[in-house]
Amino acid sequence: MIQKTFSIIKPDATARNLEGKILARIQDAGLNVVAMKKIRMTKEQAEGFYYVHKERPFFQSLIEFMTSGPVVCSVLEGENAIENYRAIMGATNPADAAEGTIRKEFAENIEANSVHGSDAPETAQYEINYFFNNLEITG
Ligand code: GDP
Ligand code: MG
């Protein structure tokens, strides 16, 4: 099943010029980049994106982190894209992430963990539409 998912290369990774290395892993996993942009998220944008976490104790810290520098937003397409990308990302906490995953190799800690990926079809649709309109999505 060909599917789309939404990815963010987070500020800790852009600060270390890791965009190319992370995108290479994404493409090597068979995922096609069908849309991409580098932005600096506003506080309001980040709060809306992460609204599901608004009651969590780390919410304010997460918003500060996500607005602390530029991010690369992209739409990825491929076979089982959502699950495939989550698998190559690795666990949220890099201490728990499997060898060979993006977070194991690049993440600094549970918050500054280098990448975001959608966790389900409904969230993927919400997240893609949050940052891209249909004219910006190729393929
Ligand atoms: P993900 O789907 O693996 O990205 O993880 P979640 O959806 O649970 O959390 C969203 C993001 O919030 C994570 O990617 C981290 O950047 C951050 N986060 C998650 N758990 C914690 C935590 O316990 N402490 C802090 N400071 N940040 C967290
Ligand atoms: Mg999540």
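Predicted model only: the values in this text are computed from it and were never measured. Atoms within a ligand are numbered from 1 in the order they appear, just like the ligands themselves.
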Asks: For the aromatic rings, using the six-membered ring if either is Trp, is the centroid distance between F59 and Y50 under 6.0 Å?
Replies: no
Asks: So which protein heavy atom does atom 9 (O) of ligand 1 come closest to, and at what separation?
Replies: H53 NE2, 3.6 Å
Asks: Show the atoms of ligand 1 that are less than 4.0 angstrom away from any heavy atom in N113.
Replies: 13 (C), 14 (O), 15 (C), 16 (O)
Asks: Please work out which of H116, Q60, R86 has its closest non-hydrogen atom nearest to atom 2 (O) of ligand 1.
Replies: R86
Asks: If you define the side chain from C-beta out and look only at heavy atoms, does anything of F49 sit under 4.5 Å from E44?
Replies: no
Asks: Quick one: does D119 get within less than 4.0 Å of ligand 1, heavy atoms only?
Replies: no
Asks: Taking atom OG of S74 and atom OH of Y85, what is their separation to the nearest 0.5 Å?
Replies: 6.5 Å
Asks: Is NZ or CZ of K21 both nearer than 6.0 Å to the six-membered ring centre of F106 and within 45° of the ring axis?
Replies: no
Asks: Got the closest protein heavy atom to atom 25 (C) of ligand 1, with its distance?
Replies: F58 CB, 3.4 Å
Asks: In terms of residue, atom name and distance, what is the protein heavy atom nearest to atom 4 (O) of ligand 1?
Replies: R103 NH2, 3.0 Å
Asks: Give me the nearest non-hydrogen protein atom to atom 1 (P) of ligand 1 as residue plus atom name, then the distance to 0.1 Å.
Replies: T92 OG1, 3.6 Å
Asks: Looking at ligand 1, is there an atom of it that comes within less than 4.0 Å of some heavy atom belonging to K10?
Replies: yes
Asks: Under a 3.5 Å threshold, yes or no: a donor from one side chain and an acceptor from the other, between E111 and S61?
Replies: yes
Asks: When rounded to the nearest 0.5 angstrom, what is the spacing between CG in L62 and CD in Q60?
Replies: 9.5 Å
Asks: Is there a donor-acceptor contact under 3.5 Å from the side chain of R86 to the main chain of G117?
Replies: yes
Asks: Look at R16 together with E108 and state whether they make a salt bridge at an N to O cut-off of under 4.0 Å.
Replies: yes
Asks: What residue and heavy atom of the protein are closest to atom 15 (C) of ligand 1, and at what distance?
Replies: I110 O, 3.2 Å
Asks: Check each atom of ligand 1 against the heavy atoms of L62 and keep those under 4.0 Å away; list them by number with element.
Replies: 12 (O), 16 (O), 17 (C)
Asks: Looking at atom 26 (N) of ligand 1, what's its closest protein heavy atom, distance included?
Replies: E111 OE2, 3.2 Å
Asks: So is Y50 polar-close to ligand 1, meaning N/O to N/O under 3.5 Å?
Replies: no
